[in-house]
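Read the structure below first, then the notes.
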Amino acid sequence: MCQAQYSNHQLYQAYITRDMSVWQQYIDSADWDSLNIEQRKQLLNYEYGFSAYMLGVDVEKSKMLILRFVDHLDKMKTVLSEERYCAYLASVYTYQLALNKNQLMKYSKGIYSNIQRAMELNANDPFVLSMQGNVEFYSPFGSKKTALEYFQRADSLYGVVGADYERWNRRAVQMTYIQSLHKLRRRNEAKALCEELLTEEPNNVNFQKLLEELNATN
C-alpha cells in the first residue's frame, strides 16, 4: 500500500521543498513484512535520512526512529552488500553519538571502524563515499578539503549509478559539497555551484536557503 501511495518522485519533491511530513507518513505507513527486498532497501534509505532530520526536530521521536532503523538494518544484514551495511552502521553510531555526546570515544570507534571497512570493500559506492565525506566534514579531527574530494566523487557516481530512491541522497551530497567549498573559503565557487544546481532544480528550498546564506557572508 505505502509503495503505491508514496512514489519516489513524491518523496523527492517533499525533500527539496522541506515537506518532511510526507516522509513521516510514508515511513509510518510502511508494512515491513509485506515489502519485497528492493522496497525494503528503499525504506531503509529513507529511514536513514529521516532519522538524521528528526535529530534536529524532535529528539524523543528521533530515538524511536533510530531504533526502528537499527532493527531493519539488522534484518537486512545478509541482503545488503557488506560495504552498504557498514556505511549504514556508521550512520547509526553517528546518531547515537549525537544523542550521547559524553560517549565520544565509544561511538567514534564504531563510526571510524565501519566507514573504514566500507571504503576498503568498495571505494566506488557513492553512499559509502558520502558517509566518508560526512565523517571528514563533521569530525573535529577531519579535513574539509578531504571531505570535498569525497563529496565530488559521490556526486559524480550518484549521477551514473544512483537508484531512483537515492535522488535525495545526491542532493544532500551536493549541499555538503557546497558547504565544504564555503568552509575552505572558496565562496565564489560555492555560490556558482549553488546557482548552477538551482537552474536544474529551481524549487529546491535547501539550495535557495544556502545561496541566501552565501550571499549574506563576506
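- Residues Leu214 and Cys194 approach most closely at CD1-CB, 4.4 Å, considering heavy atoms.
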Q: Check the pair Leu80 / Leu73 against side chain to side chain contact (heavy atoms under 4.5 Å, CB included), numbers first and verdict last.
A: CA-CA 9 Å; Leu80 295 169; Leu73 179 60; 3.8 Å; yes
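- In this pair, Tyr46 and Trp168 present their aromatic rings parallel. The plane angle is below 30°, not in the 30 to 60° band.
- Contacts of Lys63 classified as side chain to side chain contact (heavy atoms under 4.5 Å, CB included), with partners at least two apart in sequence or in another chain: Val59, Glu60, Leu99.
- Across all non-hydrogen atoms, the minimal contact from Ala118 to Cys86 is CB-CB, 4.0 Å.
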Q | Stepwise salt bridge (charged side-chain N to carboxylate O under 4.0 Å, His left out) test for Lys41 and Glu47 | A | CA-CA 10 Å; Lys41 287 182 179 180; Glu47 287 179 333; over 6 Å; no
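- Applying the side chain to side chain contact (heavy atoms under 4.5 Å, CB included) rule to Val70 yields the partners Ile66, Val92; only residues at least two apart in sequence or on another chain are considered.
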Q.
I'd like to know whether Leu97 forms a side chain to side chain contact (heavy atoms under 4.5 Å, CB included) with Leu104, so could you lay out the CA-CA distance, the side-chain angles of the two residues, the decisive distance to 0.1 Å, and finally the verdict.
A. CA-CA 6 Å; Leu97 177 58; Leu104 176 64; 4.0 Å; yes
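- Remark: Ser113 engages no residue in a side chain to side chain donor-acceptor pair (under 3.5 Å) (not counting sequence neighbours).
- The two residues Ala87 and Met131 come nearest to each other via the heavy atoms O-CE, 3.8 Å.
- With 3.5 Å as the limit, one finds a donor-acceptor pair spanning the side chains of Gln24 and Asp28.
- Take Glu212 and apply the salt bridge (charged side-chain N to carboxylate O under 4.0 Å, His left out) test, not counting sequence neighbours, and it matches no residue.
- Partners of Arg153 under the side chain to side chain contact (heavy atoms under 4.5 Å, CB included) rule, at least two apart in sequence or in another chain, are Ala123, Asn124, Leu129, Tyr150.
- Between Lys191 and Leu211 the shortest heavy-atom distance is O-CD1, 4.2 Å.
- Between Phe50 and Trp23, the ring-plane angle classifies as tilted under the 30° and 60° cut-offs.
- Using a 3.5 Å distance cut-off with no hydrogens or angles, the side chains of Asp19 and Thr17 do not pair a donor with an acceptor.
- Met64 and Ile27 fall into different hydrophobic clusters, where Ile, Leu, Val, Met, Phe, Trp and Tyr residues are linked whenever their side-chain heavy atoms come under 4.5 Å apart, directly or through other members.
- Under the 30°/60° scheme for interplanar angles, the aromatic rings of Tyr48 and Tyr88 are found to stand perpendicular.
- When the ring pair (Phe, Tyr, Trp, His ring centres under 6.0 Å) test is applied to Tyr177, no partner is found at least two apart in sequence or on another chain.
- Residues Ile16 and Val205 are members of separate hydrophobic clusters, defined by side-chain heavy-atom contacts under 4.5 angstrom among Ile, Leu, Val, Met, Phe, Trp and Tyr.
- Residues forming a side chain to side chain donor-acceptor pair (under 3.5 Å) with Asn122 (at least two apart in sequence, or on another chain): Glu83.
- At distances below 3.5 Å, at least one donor-acceptor pair connects side-chain atoms of Lys101 with backbone N or O atoms of Ala98.
- Among residue pairs with one or both ends in residues 128-142, those qualifying as side-chain hydrogen bond (donor to acceptor under 3.5 Å, both in side chains) are Tyr112-Ser139; sequence neighbours excluded.
- By the side chain to side chain donor-acceptor pair (under 3.5 Å) test, Glu82 pairs with Arg117, sequence neighbours left out.
- Of all the heavy atoms in Gln25 and Tyr6, the pair that sits closest is CB-OH, 3.2 Å.
- Under a cut-off of 6.0 angstrom, the local environment of NZ in Lys183 is sparse, with at most 12 non-hydrogen atoms contributed by other residues, nucleotides or ligands.
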Q) Is there a side chain to side chain contact (heavy atoms under 4.5 Å, CB included) between Gln96 and Gln103 once you walk through the steps? A) CA-CA 9 Å; Gln96 291 175 334; Gln103 298 289 324; over 6 Å; no
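- Listed by chain and number, the residues in a side chain to side chain contact (heavy atoms under 4.5 Å, CB included) with Ser180 are Phe137, Ala147, Leu148, Phe151 (sequence neighbours excluded).
- In this structure, Tyr165 OH and Leu44 CG are separated by 8.5 Å, a value rounded to the nearest 0.5 Å.
- Between Ile37 and Met76, the shortest heavy-atom contact is O-CE, 4.1 Å.
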Output a table of donor-acceptor pairs, distance under 3.5 Å, between side-chain atoms of residues 195-203 and any protein atom two or more places apart or on a different chain; print 'none' if there are none.
unit_1, atom_1, unit_2, atom_2, d
Thr199, OG1, Glu196, O, 2.4
Glu200, OE1, Arg171, NH1, 3.4
Glu201, OE1, Tyr12, OH, 2.8

Q | Asn8 vs Gln42, side-chain hydrogen bond (donor to acceptor under 3.5 Å, both in side chains): CA-CA, chis, key distance, verdict | A | CA-CA 9 Å; Asn8 284 309; Gln42 173 180 308; 3.2 Å; yes
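- Here Lys75 pairs with Asp71 under the side chain to side chain donor-acceptor pair (under 3.5 Å) rule; sequence neighbours left out.
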